[in-house]
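Values reported hereafter were calculated over all heavy atoms of this structure, with side chains retained and with hydrogens, waters and symmetry mates removed.
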Amino acid sequence: MSRPALQAAAVLALLAVLGWHVHSRLKPEADLNFADRALLTVTGPVQKAMTGGVRGVGGFFSGYLALVGVEKENERLRAALKIARADLVEQNELRVQNERLRDMAGLKSRVAAQTLGASVIGRGTSARFRALRIDRGTKDGIEPGMAVLGVEGAVGRILRAGGSFADVLLITDGLSAVGSVVQRSRARSVAVGDGDGDLELGYIRRPDLAQVSEGDVIVTSGEDGVFPEGVPIGLVTLAQAAESGLFVNAQVEPAVPLDRVSEVLVVLEPGRGIQSTYPRGPVVAGSLEDPQVADPWGPPLLGVGSRR
Amino acid sequence: MSRAAALLLPGERTRGDLRPGRAVLAGSAGLTWLLFQSAVLPPIGLGELPFDPLLPLVAAFALGGRRVEAWVLALALGYLADFFGGVASGRTMLRYAVVVGMALPLHGRVVLRDRLVPVLGVGIFTFVAGTVLLVLLTLMGAEHASDWAKLPAESLGTSVAAFVCWPLYRRIAGWEGDRTARAKRSLQ
């Protein structure tokens with residue numbers, strides 16, 4: 001065999017091996033191999049430091065940069081204003097952080113299972129997958145498969161965990177499926193991530209279209225053995241009978257603003273429920289934009305505000 | 001005439017002329033970018049970028065004829081990109097490998113004096129490699145409809161990224177000693 005032919009065969013063999021590797025990873029691996037573990041150990045603290053730095057500086061710059069370019073004659077006033085704004089930003093940051101922590105404390109008290117708070121230190125860079133990295137790992141008792149909650153509802157589940165860090169597969173990822181219930185009608189379904197930031201409700205039959213409508217709140221059923229029962233997943237934004245097929249076409253906007261979530265709770269005992277103070281009964285259907293609906297999520301989950 | 005005895009211009013390397021430092025530099029740059037992309041960009045609202053700036057870097061090594069470095073880089077950067085992507089799927093690694101497989105044979109066959117040809121090439125590489133991957137995933141029953149929709153924008157975005165980054169990537173890949181660069185200087 002000639003040398004170019006050998007090279008071509010080697011390339012094809014390598015591509016075949018990589019294709020097999022992709023196939024073997026269609027179901028995400030929960031176990032970290034040695035290289036992953038080493039990478040996580042090395043890069044995790046760097047990500048944590050970078051995220052912390054950005055959060056610290058970001059609040060300041062968002063108020064500060066607006067002042068650049070003002071006329072010179074106002075410089076003295078601007079300087080004073082800068083100082084005042086910097087103080088204000090700092091105070092606002094502290095206030096927001098305080099509220100967030102209080103929210104987390106509130107959620108913690110409502111979840112019957114033992115939970116652990118964690119900060120988000122990084123996000124998946126892939127356009128295909130939806131994932132977060134948090135600053136807790138196996139040393140803190142975290143294991144793959146545990147549910148991760150935000151202040152407003154379900155966030156995802158632990159995909160894999162290293163010593164001090166863990167990756168969370170978001171509920172909006174195409175690989176995610178969460179057992180769910182339409183809160184108003186109690187119709188059971190599976191909320192599957194569409195990979196584009198929303199979810200789709202699966203397995204609601206066309207004759208049962210009335211069971212789900214726009215504005216309905218979708219909560220976890222607890223039947224998947226991962227999420228506690230009754231955790232908000234999202235709000236139905238579209239419900240219609242598809243032109244063909246057996247099932248209703250229903251889209252759900254996640255309850256948690258997953259692109260902005262910065263603190264989460266990990267449920268250390270999979271499947272344990274939420275306490276009865278959690279809204280379970282029927283709620284008024286409505287859209288997020290509908291001002292007539294005071295809060296489509298029903299009573300505040302944590303006693304502080306709504307998802308917006 | 002054997003390859004080793006081929007006539008070489010001053011500064012021109014042979015195929016066996018490995019320069020691992022270049023690949024290490026490229027790997028470090030890639031890792032830095034991935035850390036930046038995962039930790040710094042999301043908090044400022046730039047979490048989802050419709051382009052992949054690392055693919056042109058891999059292509060730069062391959063188009064420059066750096067066979068070993070290009071393959072090592074494709075596998076290493078692909079692994080890192082998959083790792084930082086959140087799900088170790090192996091998909092980026094396969095995509096980069098397809099790019100290297102396409103780009104290596106083009107070394108010495110296409111003129112790469114300016115940015116336009118490489119940028120066009122990177123766009124085509126991105127599109128073809130993405131298509132190969134999606135066809136494979138379709139055969140496995142794991143593709144998602146939105147993946148196909150994202151591909152054209154991703155190819156275009158990666159081309160734009162290549163246009164911006166190409167001079168830097170040429171330097172990292174060590175093209176300063178090649179024939180095209182010398183020819184360009186001699187014409188000035």
Problem set entry | Choice from B:S89, B:P105, B:G101 maximising heavy atom contacts with chain A below 4.5 Å | B:S89
Exercise. So what's closer than 4.5 Å to chain A heavy atoms on B:L41: side chain, backbone, both or neither?
Worked result: neither
For this session: Tell me, yes or no, whether the heavy-atom count around B:W148 atom CH2, taken from other residues, nucleotides or ligands under 6.0 Å, exceeds 12.
Result: yes
Seminar exercise, completed: So, the part of A:L14 with a heavy atom under 4.5 Å from chain B: the answer is side chain
For this session: Could you tell me the separation between the CE atom of A:M50 and the CD atom of B:Q37, rounded to the nearest 0.5 Å?
Result: 11.0 Å
Exercise. Below 4.5 Å, heavy atoms only, C-beta onward: do A:R133 and B:S38 meet side chain to side chain?
Worked result: no
Exercise. What pair of heavy atoms forms the shortest contact from A:A131 to B:G85, and how long is it?
Worked result: CB-O, 4.2 Å
Exercise. Measuring heavy-atom distances to chain B, does A:L40 have an atom under 4.5 Å in its side chain, in its backbone, in both, or in neither?
Worked result: both
For this session: Identify the two heavy atoms, one from A:L15 and one from B:A97, that lie closest to each other, and give their separation to 0.1 Å.
Result: CD2-CB, 3.6 Å
Problem set entry | Residue B:L35 versus chain A: region with a heavy atom under 4.5 Å | both
Exercise. Roughly how far apart are A:L39 CG and B:F84 CZ, rounded to 0.5 Å?
Worked result: 6.5 Å
For this session: Give the C-alpha distance, both sets of side-chain angles, the deciding distance and a yes or no for side-chain contact (heavy atoms from CB on, under 4.5 Å) between B:L49 and A:T125.
Result: CA-CA 8 Å; B:L49 299 178; A:T125 57; over 6 Å; no
Exercise. Looking at CZ of B:F83 and CZ of A:R160, how far apart are the two atoms once the value is rounded to the nearest 0.5 Å?
Worked result: 5.5 Å
For this session: Go through the atoms of B:V98 and report whether side chain, backbone, both or neither lie under 4.5 Å from a heavy atom of chain A.
Result: both
Exercise. For B:L31, is it the side chain, the backbone, both or neither that has a heavy atom under 4.5 Å from a heavy atom of chain A?
Worked result: side chain
Seminar exercise, completed: Output for pair (B:L34 CG, A:T43 OG1), nearest 0.5 Å, gives 10.0 Å
For this session: Please look at A:A35 and chain B and tell me whether the side chain, the backbone, both or neither of the residue comes under 4.5 angstrom of a heavy atom of that chain.
Result: both
Exercise. Checking A:L169 against chain B: side chain, backbone, both or neither under 4.5 Å from a heavy atom?
Worked result: side chain
For this session: May I ask you to name which of A:Q47, A:K48, A:H21 has the most heavy-atom pairs under 4.5 Å with chain B?
Result: A:Q47
Exercise. What part of A:R123 is in contact with chain B, defined as an atom under 4.5 angstrom from a non-hydrogen atom: side chain, backbone, both or neither?
Worked result: both
Exercise. Heavy-atom distance under 4.5 Å to chain B: side chain of A:D36, backbone, both or neither?
Worked result: both
For this session: Go through the steps to decide whether B:L75 and A:L18 satisfy the test side-chain contact (heavy atoms from CB on, under 4.5 Å), and finish with yes or no.
Result: CA-CA 10 Å; B:L75 298 180; A:L18 290 174; 4.0 Å; yes
Exercise. Once you round to the nearest 0.5 Å, how far does CG of B:L94 lie from NE2 of A:H23?
Worked result: 13.5 Å
